[in-house]
Novice: 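One structure, pasted below without further comment.
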6 protein chains.
Amino acid sequence: MPYINIQITDEGVTKEQKQALIQGATQLMVDVLDKNPATTFVIIDEVNTDNWGIGYDQVTDLRQKATSS
Amino acid sequence: MPYINIQITDEGVTKEQKQALIQGATQLMVDVLDKNPATTFVIIDEVNTDNWGIGYDQVTDLRQKATSS
Amino acid sequence: MPYINIQITDEGVTKEQKQALIQGATQLMVDVLDKNPATTFVIIDEVNTDNWGIGYDQVTDLRQKATSS
Amino acid sequence: MPYINIQITDEGVTKEQKQALIQGATQLMVDVLDKNPATTFVIIDEVNTDNWGIGYDQVTDLRQKATSS
Amino acid sequence: MPYINIQITDEGVTKEQKQALIQGATQLMVDVLDKNPATTFVIIDEVNTDNWGIGYDQVTDLRQKATSS
Amino acid sequence: MPYINIQITDEGVTKEQKQALIQGATQLMVDVLDKNPATTFVIIDEVNTDNWGIGYDQVTDLRQKATSS
C-alpha cells in the first residue's frame with residue numbers, strides 16, 4: 001500500500017502525461033517491492049513556477065533567463 | 001502541537017465539510033493524545049481527480065467508468 | 001480514497017493510541033465525506049522533540065522549561 | 001541537497017515575498033549546514049484559508065472574527 | 001527538477017531495492033516529462049507498520065491476521 | 001501560522017544546528033510575511049542516505065565516490 005507524491009512545476013503537464021506518471025510509479029512498486037496496485041496511491045502536485053526555488057532563484061526567473069540567453 | 005494533513009479529491013467539498021474535518025481531527029488529538037487544540041494545525045489539500053491515481057488509473061477515469069456502467 | 005498524515009512528537013505514543021488515531025481519522029472521512037474506509041490511508045509520523053520547533057524553540061527545551069518551572 | 005516545504009495561507013503573498021522566502025531558506029541551509037544551494041529546493045504551498053484550521057477553527061473565520069471585533 | 005516522495009512500510013526493504021526505486025522514479029521523470037535527472041530528488045520514507053493504517057486497521061495487525069489465517 | 005518542513009540527510013546534524021534551523025526559518029516568516037512565531041511550526045526530517053536519491057544515485061554511494069576519488 002505505497003503512497004507516492006510527485007511534485008513538479010505546473011508547466012503544461014497533460015492528462016496523458018499524468019496518466020503515464022501514475023502508471024509508471026505504480027508499476028515500479030509492483031516490480032521492485034511486489035506491492036498491490038489496488039492500494040497504491042499516486043498524487044501529483046503541480047507547483048507554480050513562482051513557488052519553486054532552486055539555487056536561490058524562482059523557476060519563473062530561471063526560465064526567463066534561459067529563454068532570453 | 002500536532003500537524004494533520006488531509007488529502008482528498010476536489011469533488012465539491014463544502015466549507016461546512018471542511019470545518020467538520022478540522023473540528024473532528026482536532027478533537028481526535030485532544031481525546032487520544034491530550035494535545036492542546038490551540039496549537040493543532042489541520043491542512044486540507046484538495047487534489048484534482050486527474051492528479052490522483054489508484055490501481056494504475058486516474059480517479060477521473062474511475063469516476064467515468066462508474067457512471068457509465 | 002483519502003490520505004491522512006498525522007505528525008506528532010515521539011513522546012511515548014502507544015500502539016493502542018496509534019490504533020485510536022487511525023480509527024478516528026478513518027471514521028471522520030466516512031462520516032463527513034462518505035469515503036470508503038478500505039482505501040483510506042492514515043500515516044503517523046513521530047518526530048523527535050529536537051526536530052520540532054514552535055515559537056523559535058525546540059520542543060525538547062520547551063518540555064525542560066515546563067518541568068523545571 | 002535539502003528540500004524545504006513552506007506552507008502558508010494564500011493571503012496575497014507577492015512574487016517578491018516568495019523570492020525572499022526562497023533566498024532566505026536557501027541561505028539558511030548554506031549558513032547552518034554548509035549545503036550546496038544549487039541542489040537546494042524550496043517549495044511554497046499557498047493554502048486557502050477555508051482549508052487551514054487551528055484551534056478547531058478555519059482561518060477564514062478567525063480572520064472575520066478579528067476584523068469584526 | 002521534480003521531487004518524488006515514496007512512502008512504504010518498513011518491512012525489510014534492501015539497499016538494492018531502494019536503489020531500484022530511485023532509478024525507476026528518476027527515469028520516469030526523464031521519459032514522461034523530459035526532466036533533468038541531475039536535479040531530480042527521490043526520498044523514500046519507511047513507515048513502521050504500527051503507524052500505517054488502512055481500512056481502520058494497523059498494518060501490523062493486518063499482517064498478523066494474514067499469517068494466522 | 002506557517003508550517004515549514006525541512007528535509008535533510010541524516011549526516012550528524014547536531015542539536016545546536018537544528019536549533020539554528022528552527023530559529024532561522026521562524027525568523028524568515030516574521031521578517032518576510034509578518035507571521036506570528038508562536039504559531040510557526042518547523043519540522044526537521046532527517047533522511048538516511050540510502051533513502052535519498054539524486055541524479056539516479058543514492059547519496060550513500062555519492063558520498064563514497066567523493067571520498068574515494
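A, B, ... follow the sequence lines: proteins, then strands. Residue 1 opens every chain. Every heavy atom of this structure was used, including side-chain atoms; hydrogens, water molecules and symmetry mates were not.
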Novice: State the OG1-CD1 distance between C:Thr40 and B:Ile8, to the nearest 0.5 angstrom.
Specialist: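 Separation between the atoms: 11.0 Å.
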Novice: Given that the side chain runs from C-beta out, which part of B:Val47 has a heavy atom under 4.5 Å from chain C: side chain, backbone, both or neither?
Specialist: neither
Novice: Side chain, backbone, both or neither: which part of C:Ile6 has a heavy atom under 4.5 Å from chain B?
Specialist: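 Both backbone and side chain of C:Ile6 come within 4.5 Å of chain B.
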Novice: Quick one, C:Lys35 with B:Thr9, criterion side-chain contact (heavy atoms from CB on, under 4.5 Å). Give me CA distance, side-chain angles, the key distance, then yes/no.
Specialist: CA-CA 11 Å; C:Lys35 294 290 185 183; B:Thr9 46; 3.4 Å; yes
Novice: Side chain, backbone, both or neither: which part of C:Val42 has an atom under 4.5 Å from a heavy atom of chain B?
Specialist: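 Neither the backbone nor the side chain of C:Val42 comes within 4.5 Å of chain B.
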Novice: Under 4.5 Å heavy-atom distance to chain B, tell me which part of C:Val59 shows up: side chain, backbone, both or neither.
Specialist: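 The answer is the side chain of C:Val59.
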Novice: Looking only at non-hydrogen atoms, find the nearest pair between B:Trp52 and C:Tyr3 and report the distance.
Specialist: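 Closest approach of B:Trp52 to C:Tyr3: CH2-N, 4.0 Å.
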Novice: Among B:Thr14, B:Leu33, B:Asp45, B:Ile43, single out the residue with the greatest number of heavy-atom pairs under 4.5 Å to chain C.
Specialist: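 The candidate making the most pairs under 4.5 Å is B:Leu33.
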Novice: Nearest 0.5 Å, please: how far is CG in B:Asp31 from CD in C:Gln17?
Specialist: 12.0 Å
Novice: Please name the pair of heavy atoms, one in C:Leu21 and one in B:Leu28, separated by the smallest distance, quoted to 0.1 Å.
Specialist: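 Smallest heavy-atom distance, with atoms named: O-CD2, 3.6 Å.
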Novice: Is chain B contacted by the side chain of C:Gln27, its backbone, both, or neither, given a heavy-atom distance below 4.5 Å?
Specialist: neither
Novice: Need one label for B:Glu11: side chain, backbone, both or neither, based on atoms under 4.5 Å from any heavy atom in chain C.
Specialist: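 Side chain only.
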Novice: Of the backbone (N, CA, C, O) and the side chain (C-beta and beyond), which part of C:Thr39 lies under 4.5 Å from a heavy atom of chain B, both, or neither?
Specialist: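 The answer is the side chain of C:Thr39.
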